[in-house]
Trainee: 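Please read through the structure below; I'll follow up with questions.
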Amino acid sequence: MPIPKKTGLSRLTSSINHSWAGIVNAIFTEDAFRQLVVINIMLLIITFCLDITKTERALLIMCSFMTLAVELINTAIETVVDRISLEIHPLSKRAKDLGGSAQLVTIVMTVIIWLVVLF
C-alpha cells in the first residue's frame, strides 16, 4: 500500500523543514561547506560596502549562493556514493571527481565575476 503524500501547505512546510535540516547538517558535518559559508558571509558584507550597480550587486550575491548550492549537491553526491559502497571503484571516483569539478567551476566563475565587477 503506497504511503499517502502530503499536499498543499503541509507539503510546503515539510519540504522547507527537510531543506533546512540539510543545511544544518551540512554546517555541522562538512568542513568545506562551513568554510564556504564563512567566506560567503564576508563576501556578502563586502558586496554591500561596494559602490556598484544593483545589477552588479545581484550578480555577486548570486555567485555566493551558487557556490553554496553546488557544494550541497557535491556533498549529496559524495554521501550517496559512500552509502552505496565504501569500496574504491572507478565509477565512485568519477562521480566524486565530477562533483568536485562542478564546485571548482563555480568557484572559478565567482572569482572571474568578482574581478570583472571590481576592475
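Hydrogens, waters and symmetry mates play no part in the numbers below; they use all other heavy atoms, side chains included.
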Trainee: Would you compute the distance between atom CG of L68 and atom CG of L72 and round it to the nearest 0.5 angstrom?
Mentor: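 It is 7.0 Å, given to the nearest 0.5 Å.
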Trainee: Could you report the tightest heavy-atom contact between R34 and T29, atom names first, then the distance?
Mentor: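 In terms of heavy atoms, the two residues are closest at NH1-N, 3.8 Å.
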Trainee: Find the distance between NZ (K96) and OG (S101) and round it off to the nearest 0.5 Å.
Mentor: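 These two atoms lie 14.0 Å from each other.
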Trainee: Check whether M62 and L60 end up in the same hydrophobic cluster, where Ile, Leu, Val, Met, Phe, Trp and Tyr are linked by side-chain heavy atoms less than 4.5 Å apart.
Mentor: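 As far as the 4.5 Å side-chain criterion goes, L60 and M62 are connected within one cluster.
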Trainee: If only atom types and distance count, is the side chain of N25 paired as donor or acceptor with the main-chain N or O of A21 below 3.5 Å?
Mentor: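 Side chain of N25 to backbone of A21, a donor-acceptor pair under 3.5 Å: no, none is there.
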Trainee: Would F28 and L36 show up in the same hydrophobic cluster when neighbours are defined by side-chain heavy atoms closer than 4.5 Å?
Mentor: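 Cluster IDs for F28 and L36 match.
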Trainee: For the hydrophobic clusters of this structure (ILVMFWY residues joined by side-chain heavy atoms under 4.5 Å, transitively), does one cluster hold both I112 and F119?
Mentor: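 No; tracing contacts between hydrophobic side chains, which count when under 4.5 Å, never links both residues.
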Trainee: Run the numbers on F65 and V70 for side-chain contact (heavy atoms from CB on, under 4.5 Å), then give the verdict.
Mentor: CA-CA 9 Å; F65 282 95; V70 172; over 6 Å; no
Trainee: Do any N or O atoms from the side chain of S19 and from the backbone of S15 form a donor-acceptor pair under 3.5 angstrom?
Mentor: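 It does hold such a pair.
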Trainee: For R11, does the CZ atom sit with more than 12 other heavy atoms under 6.0 Å from it, leaving out its own atoms?
Mentor: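 No.
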Trainee: Please answer whether the main-chain N or O of I27 pairs with a side-chain N or O of E30 as donor and acceptor at a distance below 3.5 Å.
Mentor: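 Checking the backbone N and O of I27 against the side chain of E30, no donor-acceptor pair under 3.5 Å is found.
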Trainee: Is L115 linked to V108 within one hydrophobic cluster, defined over Ile, Leu, Val, Met, Phe, Trp and Tyr using a side-chain heavy-atom separation of less than 4.5 Å?
Mentor: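 No, because L115 and V108 fall into different hydrophobic clusters, even though each may have its own neighbours under 4.5 Å.
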Trainee: Answer yes or no: is there a donor N or O on one side and an acceptor on the other, between the side chain of Q103 and the main chain of N74, under 3.5 Å?
Mentor: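 No, the answer is negative, given that no donor and acceptor are paired below the 3.5 Å cut-off.
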Trainee: Within a strict 4.5 Å, meaning less than it, do heavy atoms of the E87 and S92 side chains meet?
Mentor: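 Side-chain contact under 4.5 Å: no.
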Trainee: Mark yes or no for whether T75, through its side chain, and E71, through its backbone, hold a donor-acceptor pair below 3.5 Å.
Mentor: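 Answer holds: yes.
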Trainee: Using modelled atom types only, decide if a donor and an acceptor are shared between the side chain of R57 and the backbone of T47 within a distance under 3.5 Å.
Mentor: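 Yes: the side chain of R57 pairs with the backbone of T47.
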Trainee: To the closest 0.5 Å, what do you measure between NE2 (H89) and CD1 (I84)?
Mentor: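 Rounded to the nearest 0.5 Å, the NE2-CD1 separation comes to 11.0 Å.
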Trainee: May I ask you to test the I39-T67 pair for a side-chain heavy-atom distance under 4.5 Å?
Mentor: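 No, side chains not in contact.
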Trainee: Return yes if some donor-acceptor pair links the side-chain N/O of T110 with the main-chain N/O of T106 below 3.5 Å, else return no.
Mentor: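 Checking the backbone N and O of T106 against the side chain of T110, a donor-acceptor pair under 3.5 Å is found.
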Trainee: Checking M66 against M109 for the side-chain contact (heavy atoms from CB on, under 4.5 Å) test, could you report, in this order, the C-alpha distance in whole Å, the side-chain angles of both residues, the deciding distance, and whether it holds?
Mentor: CA-CA 10 Å; M66 180 80 74; M109 174 198 70; 4.1 Å; yes
Trainee: Just so I know, are the side chains of F48 and I61 near enough to count as touching, which here means a heavy-atom distance under 4.5 Å?
Mentor: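 F48 vs I61: side chains touch.
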Trainee: More than 12 heavy atoms of other residues, nucleotides or ligands under 6.0 Å from CD1 of I88: is that the case?
Mentor: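 Count not over threshold, so no.
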Trainee: Would you say the side chain of L43 lies within less than 4.5 Å of the side chain of N40, judging by non-hydrogen atoms?
Mentor: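 Sidechains of L43 and N40: in contact.
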Trainee: Group every Ile, Leu, Val, Met, Phe, Trp and Tyr by side-chain heavy-atom contacts under 4.5 Å, then state whether L44 and W114 land in the same group.
Mentor: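 L44 and W114: separate clusters.
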Trainee: So does S10 get a backbone contact from the side chain of S14, meaning a donor-acceptor N/O pair under 3.5 Å?
Mentor: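 Such a contact is absent between S14 side chain and S10 backbone.
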Trainee: Applying side-chain contact (heavy atoms from CB on, under 4.5 Å) to L98 and I77, what does each step give before you reach the verdict?
Mentor: CA-CA 9 Å; L98 289 170; I77 291 168; over 6 Å; no
Trainee: Could you go through L118 and L50, starting from their C-alpha distance and side-chain angles, then the distance that decides it, and tell me whether this counts as side-chain contact (heavy atoms from CB on, under 4.5 Å)?
Mentor: CA-CA 9 Å; L118 293 177; L50 295 173; 3.7 Å; yes
